Amino acid sequence: MRKLILVVLLIIAYVPTNAQLSLGNGQHVLEITGGVSTYYNQRILKETSDNKNKDRFRLRDAQLQLEGRYKNTIAYELQVDFVDLASFATGAIDPENPGLMDAFVTYKGLGFMDIQMGYGKLFYSRSSLVPFQYTTFWQRAQIVRGDMFSRRDVGITLMSDFWRQRINLYGGVYTGLGELSIRGDNDASGQPEFVGRIDIAYPSRFRYRDIDDKITPIPMFQLGVNGRYANKQLPEGRSFPAFSTGEFGLKVINGERYLYGMDAAFQYMGFSAQFEIHQMHAIPQLENDALFQGLPIDQTDGFVLAGGYVTQLNYHYRPWKSIISLRFEELDLNDLVPGNSQRLSIGAAYQFRGFDSMLKFQYFRILREESIDPIRWTEQFRIGWQYNFK
């Protein structure tokens, strides 16, 4: 492991800061990129807590990305984060930022459709698909961080686009265990998870970005809908431990699980906005499943609902190299428990060299919390620097 890290550091040391490193022999091209990000975090605690262990400096990313192409018919990508790679092997997986981020191969020889096989991001949720370095925030909204649904998995994805990439279609079949899928076997049912998405943009192609860094001279819109379905059988009928790495025990349940969502995005002259909403419909196999919160089956109708939404506004003022963002989010972890949680976040960034070198600040405030998800802080501040070499 030490030798591998040393090799990576040597590569980074010799990469020019104004261009990505490319290697090729005419038919095969390999590009090497990566990045580092670090911040300081401080929390304002409730009166009932005095544990300040989260007031700290943190190295969030130390990433290396390899992207290759062969004869314009085969493409592949390998991306790792060395900060989280060790914890990924031992069991502590951060679904928002796992150690292994991408490891897949894509066949482009059909012309009308690409076929991607391996491990990587699932095409569900626009906010989940926006790369971290293209936002002002240090953390995604709770509903899309990877606790309610997995952001990555092993499987096969079919991708196609029409109308000059204004319409994009994605459909895939995956193991259904999310970030844990690369560790071994499926659950006892052997059933996969099915995921699909379609998005439409007008008047031109709309990339998965939050910020209008091009200062778009004409208004642009994008609308997307997506859904996913799985029917699992977990050990001892448990919906929480074993397979579910999510904080809320909603990612993988013992039974049927439907998840569907819609998102919209807009940008014009430096202004941009996003809205996203998701709803989960879970049907546990057992009457005493933890998702039922101890209620008798006749008070639950045999299913549980969870979901929420997030909305975000951004403005990029290019003359000052500055970006400011405002985000509001609401999450209901279980409709059988009264109440929901709400958060407000403010993000700001100063660009030394575009998104490749940027000072980022984020402020969180808890407006409301659920009884089943108590939090020991009320406010939180993060400030730090991200640097990417390309």
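Everything quoted here is computed from the prediction, not taken from an experiment. All residue numbers refer to positions in the sequence shown, counting from 1.
Here Leu100 contributes atom CG and Asp81 contributes atom CG; the two are 10.5 Å apart, rounded to the nearest 0.5 Å. Going from atom CZ of Arg376 over to atom NZ of Lys52 covers 11.5 Å, rounded to the nearest 0.5 Å. Interatomic distance, Asp332 CG to Ile143 CD1, rounded to the nearest 0.5 Å: 9.5 Å. Considering CD of Gln27 and NZ of Lys71, their distance stands at 4.5 Å, rounded to 0.5 Å. Taking CD1 of Ile366 as the reference point, atom CD of Gln342 lies at 10.5 Å (rounded to 0.5 Å). Expressed to the nearest 0.5 Å, how far CZ of Phe162 lies from CG of Asn168 amounts to 9.5 Å.
Side-chain contact of Asn314 with Asp210: a donor-acceptor pair under 3.5 Å is absent, judged by distance alone. A donor atom on one side chain and an acceptor atom on the other are found under 3.5 Å apart for Tyr208 and Asp199. Side-chain contact, Tyr170 with Ser160: no donor N or O sits under 3.5 Å from an acceptor N or O. Arg228 and Ser125 are not linked by any side-chain donor-acceptor pair at a separation below 3.5 angstrom, with hydrogens and angles left out of the test. For Arg151 and Ser128, the side-chain atoms include at least one donor-acceptor pair closer than 3.5 Å.
Closest approach of Phe381 and Ile44 over heavy atoms only: CE1-CG1, 3.9 Å. What you find for Val337 and Glu370 is that their closest heavy atoms are O-OE1, 4.5 Å.
In summary, the aromatic rings of His281 and Tyr229 are positioned with their centroids too far apart to meet the 6.0 Å limit. Between Tyr387 and Phe389, the ring centre distance reaches or exceeds 6.0 Å. Between Phe132 and Trp138, a ring centre-to-centre spacing shorter than 6.0 Å is recorded. Under the 6.0 Å cut-off for aromatic ring centres, His28 and Tyr76 qualify, their centroids lying closer than that. Within the 6.0 Å centre-distance limit, the rings of Phe57 and Tyr40 are counted as a close aromatic pair.
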Output, in order, the C-alpha distance, side-chain angles, deciding distance and verdict of side chain to side chain donor-acceptor pair (under 3.5 Å) for Ser272 and Tyr315. CA-CA 6 Å; Ser272 58; Tyr315 179 60; over 6 Å; no
Working for salt bridge (charged side-chain N to carboxylate O under 4.0 Å, His left out), residues Asp356 and Lys390: CA-CA 8 Å; Asp356 291 334; Lys390 295 182 178 182; 3.8 Å; yes
Stepwise side chain to side chain donor-acceptor pair (under 3.5 Å) check, Gln386 with Gln133: CA-CA 7 Å; Gln386 73 174 35; Gln133 62 265 31; over 6 Å; no
Would you please test Asp187 and Ser189 for side chain to side chain donor-acceptor pair (under 3.5 Å) and show each step? CA-CA 6 Å; Asp187 65 281; Ser189 69; 2.4 Å; yes
Starting from the C-alpha separation in whole Å, work towards a yes-or-no answer on side chain to side chain donor-acceptor pair (under 3.5 Å) for Ser181 and Asp153. CA-CA 6 Å; Ser181 59; Asp153 206 339; 2.8 Å; yes
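Residues that satisfy the side chain to side chain donor-acceptor pair (under 3.5 Å) test with Gln79, not counting sequence neighbours, are Gln63.
The shortest side-chain heavy-atom distance between Lys232 and Leu177 falls under the 4.5 Å cut-off. Side-chain contact check for Phe364 versus Arg382: some heavy-atom pair is nearer than 4.5 Å. The shortest distance between side-chain heavy atoms of Thr136 and Ile324 does not fall below 4.5 Å. Side-chain contact check for Ser341 versus Gln142: every heavy-atom pair is 4.5 Å or farther apart. Under the 4.5 Å side-chain criterion, counting only non-hydrogen atoms from C-beta, Ile115 is not in contact with Thr106. The side-chain heavy atoms of Arg140 and Ser127, taken from C-beta on, include no pair separated by under 4.5 Å. Considering only heavy atoms from C-beta on, Glu77 stays 4.5 Å or farther from Glu31 through its side chain.
Between the Asn340 side chain and the Leu331 main chain, no donor and acceptor come within less than 3.5 Å of each other. Put simply, the side chain of Asp289 never gets that close to the backbone of Phe292: no donor and acceptor are under 3.5 Å apart. Judged by distance alone, with hydrogens and angles left aside, the side-chain atoms of Arg126 form a donor-acceptor pair with the main-chain N or O of Arg209 at under 3.5 Å. For Lys360 (side chain) and Thr135 (main-chain N/O), a donor-acceptor pair under 3.5 Å exists by modelled atom type. Looking at Arg318, its side chain does come within 3.5 Å of a backbone N or O of Asp213 through a donor-acceptor pair. Under the 3.5 Å distance criterion, the side-chain polar atoms of Asp212 are matched with a main-chain donor or acceptor of Thr216. Asn41 places a side-chain N or O within donor-acceptor distance of the main-chain N or O of Lys54, the cut-off being under 3.5 Å.
At least one cation-pi condition fails for Arg343 and Phe328: the charged atom is not both under 6.0 angstrom from the six-membered ring centre and inside a 45 degree cone around its axis. Stacking of Arg197 on the aromatic ring of Phe123 is not recorded, the 6.0 Å distance cut-off and the 45° axial limit not both being met.
Note: Tyr268 and Phe266 have tilted aromatic rings, judged against thresholds of 30 and 60 degrees for the angle between ring planes.
Residue Asp50 qualifies as open at atom CG: its count of foreign heavy atoms under 6.0 Å is 12 or below.
Taking the charged nitrogens against the carboxylate oxygens, Glu379 and Arg365 do have a contact shorter than 4.0 Å, which makes a salt bridge. Ion pair Glu369/Lys46 flagged as a salt bridge, since at least one NZ, NE, NH1 or NH2 atom sits closer than 4.0 Å to an Asp/Glu carboxylate oxygen.
Put simply, the residue from Tyr309, Tyr260, Tyr124 that forms a ring pair (Phe, Tyr, Trp, His ring centres under 6.0 Å) with His278 is Tyr124.
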